[in-house]
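Here's the structure, in structure tokens; my notes come after.
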Amino acid sequence: MEGSLEQHLDDTMKNPAIVGVLCTDAQGHNLGCRGSLSDEHGGIVSVLAKQAASLTKDPTDSPTVCLESDSGNILVRTHGTITLAVHKMAS
Amino acid sequence: MTTALTQGLERIPDQIGYLVVSEEGVLASAGELENDEHTAGVIMQMVRTACRFRLHGTAEPPFKRMSVMLEDYVYAVTISGQKVFVVKRQNNQREPVNV
């Protein structure tokens, strides 16, 4: 059942700029991860996405949170019940 | 003191509001974020959450800037001198056009 998700995660990591990817459910449980992002980041990622959602009254406007630093950008967004985090190096 | 904190923020292009927040509370606010305690509170929560993010066990803070991108606007957040600076900017990005 997870085969398709695992394949997507592998495909995502083929992008040379991407060094980590993480999927969690609404409770922050890890659904799959690769590279620099792992289990320990799941809770923080899902909480950050939830907190960002309360900045808008529009439930269809899903915010993208971006943590920018010298070691790259971590982009977080929720789609439905899944929260996705991508660690991307600045090009 | 407020002018020193905010005169730089006033000049940021496309800015439509800003907040300066410390642990004690809101130090300055303007534009669409004037007196916006809700946004100030949520952003502070997000800063505390994001600061717990650690990659490979590094000690340094995980971000220089946190951006929250919504459809029409973006909040740019940074920390300096124990204060959190939030600027709300118009987001004029359009989706790329496929031809």
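Chain identifiers are assigned alphabetically (A, B, ...) following the order of the sequence lines, protein sequences preceding nucleic acid strands; residue numbering begins at 1 within each chain. Worth knowing before you read on, the calculation uses all heavy atoms, side chains too, and leaves out hydrogens, waters and symmetry mates.
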Check whether any side-chain N or O of [X] sits under 3.5 Å from a backbone N or O of [Y] as a donor-acceptor pair, and report yes or no.
{"X": "B/R89", "Y": "B/P13", "answer": "yes"}
{"X": "B/T6", "Y": "B/L9", "answer": "no"}
{"X": "A/H8", "Y": "A/G3", "answer": "no"}
{"X": "A/Q27", "Y": "A/H29", "answer": "no"}

Residue-level interface, residues 45-63 of chain A with chain B, non-hydrogen cut-off under 4.5 Å: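 Against chain B, the residues of residues 45-63 of chain A that fall inside the cut-off (heavy atoms, under 4.5 Å) are A/V45, A/V47, A/L48, A/Q51, A/A52, A/S54, A/L55, A/T56, A/D61, A/S62, A/P63.
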Residues of residues 13-26 of chain A within contact distance of chain B, non-hydrogen under 4.5 Å: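 Within residues 13-26 of chain A, no residue comes under 4.5 Å of chain B, counting heavy atoms only.
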Salt-bridge criterion met for B/K64 and A/E68 (N-O under 4.0 Å):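 No, no charged N to carboxylate O under 4.0 Å.
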Lys/Arg N to Asp/Glu carboxylate O, B/K83 vs B/E24, below 4.0 Å: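 Looking at B/K83 and B/E24, the cut-off is not met.
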From A/R77 atom CZ to A/I82 atom CD1, the distance as rounded to the nearest 0.5 Å: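 The distance works out to 14.0 Å.
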Over 12 foreign heavy atoms within 6.0 Å of CD, B/E37: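 It does not: B/E37 CD has 12 such atoms or fewer within range.
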Donor-acceptor side-chain pairing of B/Y73 and B/E32 below 3.5 angstrom: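 There is no such pair between these side chains.
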